[in-house]
Amino acid sequence: MKKIFLLFSLTTISLSGYAELSDPIVIENASIKSISPNGKYAVSQGSSGLRILNFTQGDENSKFEESDYEEYYAGDGNCVSDNGVVVASTPTNPNAQYWKEGKWHSLPAPSYTLSSNHAQGISADGSRICGTLRVAGMGGDEDVLMVVPCIWNAEGNGYGSPIILPHPDYDFSNSVPQYITAIDISADGKVIVGQIRDVCALNYPIIYKENESGEWSYEIPYEYLINPDHLEAVPFPGEGPIMPQFESFMTQEEIDAYNEVYNEYVSSGYQIPCPEYWEFMSPQEIEAYNEAADEYNEKAIAYNKKFYAWADFIYGVANSSPNYAFNQVRISPDGKTIGSTVIVEGDSMDPLTGFPKVENSVWLFDLTSDKIGKYNKDGDININYIANNGVGIGTTSVGTASNSYILQDGNVIDMVTWMNSQAPQYASWMNENMIFTYDKEVFDEKTGNYDIVNTEEVLTGRATSNPDLSIMSLSVQNIWDYMDDGYAYIFDIKGGNGVETVRPATEEMIIYDLSGRKLKNATAPGIYIINGEKKVVR
């Protein structure tokens, strides 16, 4: 177990309501994926693997707890609880995994499951985990559901056998879907969101709810969006007929004779004539093969008619309904809002690939009403987190100079601007300490080429938070060396009440300008924030 000390004292993360905000914590070589609701734990997942950051042990002993972390992959939902339990999966063990009290443990799985069981999310108190079981492999003669949703409930010092959540047998096209998942879970563990991945890899959300009697049910939220043009459903026709093979009508001696001549053909460098199977078959065998081939052709014509009808239906649905990104679905801790990244083809062409530009946007769905918030930022924004008040956090794609945004009331607010409205000291700190220099590809419309431009700018990276947005982390990817992670910044905003949270108990005036800089006085004309209130000095 290796200790990695932080660049700033962790003792400063606990602030009183009348203390001045401390500098954020800066962690090297980390990328925070999830924060526990109480802000005491965080999970880092990046090129250096999975690490668990423990904020509860004070400055001297604060560390990343590690145990073969390179092999573990954190869940895609809220993957760490208030008591430090982390859920994950690993390719070296078919069972889903959880970290507790310094060790990794396997979650129970039925004997009929295959590899790649996943634990995706955990309730705030750690009493319930949601995830998936792999119940069938790829391929086969029949259409079968390969992945089913489940929960594990706490029992004793561990977790009991998985309970498979209720789910539909068929997708919107009346076909057997590929996967039905459970990805993210509300703080109380009673509402879970997942996805149905249909037979042709279209995804759409599914909600599971537990009632007061402990019974589970499911619903497809905003189901009308899946097939908004009300196209008549055409079921997937299944696997097509199998073409007959010559070998099935030949004796072993005939097959051996064919192979011998074929090997001579290959050895000659393909200079001699290639042998044909029928040359080694009897007239009766050829007749039997031809009968089977005729039967196959009739079946293939009938199958292709059904397949093309199904393909037309699926293509029509895909063009009219949202294309939800796989595994990118989240739920707010209070269980009232879900969100997903939605992928569409843009109107313009990508000059680098020659294909239409792909645009990512974030849709937030209010489960208590019919409201949908759609958020776009230059065609590239992805869902990261949803807070209790329905506020979303989105980020531009990984692998770029990523920036984070607050998604609220139809507005896409860059992180520095939002931070300035909550804690101006932090906004000022970000403008001074989160400036990065890197080479950026810029498309020149005149030349049609991409030029490399050395750029210096503030990057806010990938953001996540706890339910009330009081603890915010920003992880800036190392875009100079993708083999290493960059920096993670932890901001303690304490409820998001702006400069009100830093007002002293005395009558001393705390003054900021609108850019977030702290001032000694406000003598020049202008607008200032004085003790948490906007004041105009004339």
Side-chain angles (χ1 to χ4, degrees), residues 33-34 73-81 85-89 94-98 106-110 112-136 145-154 159-171 176-198 202-211 214-223 324-341 365 367 383 385-386:
K33 184 172 185 178
S34 190
Y73 300 91
D76 289 321
N78 50 309
C79 59
V80 56
S81 67
V85 179
V86 176
V87 296
S89 60
N95 289 355
Q97 303 290 307
Y98 69 98
S106 291
L107 285 164
Y112 57 79
T113 59
L114 306 177
S115 60
S116 303
N117 297 329
H118 292 273
Q120 297 282 28
I122 188 168
S123 61
D125 63 2
S127 64
R128 176 169 288 162
I129 295 171
C130 72
T132 56
L133 299 174
R134 186 66 175 265
V135 294
L145 180 61
M146 293 181 286
V147 169
V148 297
C150 70
I151 57 171
W152 291 268
N153 291 323
Y159 293 86
S161 298
I163 300 171
I164 296 178
L165 294 170
H167 56 271
D169 294 324
Y170 299 98
D171 61 27
V176 177
Q178 296 184 40
Y179 308 151
I180 302 181
T181 65
I183 295 174
D184 202 7
I185 187 169
S186 63
D188 63 6
K190 295 182 179 295
V191 187
I192 296 171
V193 66
Q195 284 182 329
I196 296 176
R197 186 174 181 86
D198 74 10
L202 291 177
N203 311 297
Y204 52 94
I206 180 172
I207 299 289
Y208 315 90
K209 293 183 179 180
E210 183 186 34
N211 63 20
E215 299 170 332
W216 286 90
S217 62
Y218 73 86
E219 63 183 75
I220 310 300
Y222 294 82
E223 189 171 6
Y324 300 100
F326 184 51
N327 278 356
Q328 291 196 34
V329 61
R330 300 300 303 265
I331 191 169
S332 59
D334 59 14
K336 296 180 180 180
T337 308
I338 64 171
S340 179
T341 301
F365 302 87
L367 298 180
I383 189 65
Y385 186 79
I386 308 174

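Keep in mind it's a predicted model, so treat the numbers as computed, not measured. Note that the numbering runs from 1 along the sequence shown for the chain.
Of all non-hydrogen atoms in S34 and G77, the two that sit nearest each other are OG-O, 4.3 Å.
Between the side chain of K33 and the backbone N or O of A74, at least one donor-acceptor pair lies under 3.5 Å. The backbone N or O of N78 sits less than 3.5 Å from a side-chain atom of D184, completing a donor-acceptor pair. Judged purely by atom type and a 3.5 angstrom limit, Q97 uses its side chain to pair as donor or acceptor with the backbone of N95. Side-chain atoms of W152 never come within 3.5 Å of backbone atoms of C130 as a donor-acceptor pair (strictly under, hydrogens ignored). At least one donor-acceptor pair under 3.5 Å links the side chain of S186 to the backbone N or O of V191. No side-chain donor-acceptor contact under 3.5 Å links T181 to the backbone of G194. T341 places a side-chain N or O within donor-acceptor distance of the main-chain N or O of I383, the cut-off being under 3.5 Å.
The one candidate from Y324, Y179, Y204 that meets the side chain to side chain contact (heavy atoms under 4.5 Å, CB included) condition with Q195 is Y324. With respect to I331, the side chain to side chain contact (heavy atoms under 4.5 Å, CB included) criterion is satisfied by exactly one of T337, I386, V193: V193.
Side chains of T132 and Q120: a donor-acceptor N/O pair is absent below 3.5 angstrom, by distance only. In summary, the side chains of R128 and N153 do present a donor paired with an acceptor at a separation below 3.5 Å, with no hydrogens or angles considered.
Atom CG of residue L107 and atom OH of residue Y98 lie 6.5 Å apart, to the nearest 0.5 angstrom. The CD1 atom of I122 sits 8.0 Å away from atom OG of S127, with the distance rounded to the nearest 0.5 Å. Taking CH2 of W216 as the reference point, atom CD of E210 lies at 5.0 Å (rounded to 0.5 Å). Atoms CD1 and CD1, from I192 and I151 in turn, are 5.5 Å apart once rounded to the nearest 0.5 Å.
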Just do the side-chain contact (heavy atoms from CB on, under 4.5 Å) check on R134 and M146 with the steps written out, would you? CA-CA 6 Å; R134 186 66 175 265; M146 293 181 286; 3.9 Å; yes
Take Y170 and V176 through the side-chain contact (heavy atoms from CB on, under 4.5 Å) test and state the conclusion after the steps. CA-CA 5 Å; Y170 299 98; V176 177; 3.9 Å; yes
Worked check of side-chain contact (heavy atoms from CB on, under 4.5 Å) between F326 and R197: CA-CA 8 Å; F326 184 51; R197 186 174 181 86; 3.4 Å; yes
Given side-chain contact (heavy atoms from CB on, under 4.5 Å), test L145 with I180 step by step and report yes or no. CA-CA 8 Å; L145 180 61; I180 302 181; 3.9 Å; yes
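Within 6.0 Å of the OH atom in Y222, the count of heavy atoms belonging to other residues, nucleotides or ligands exceeds 12.
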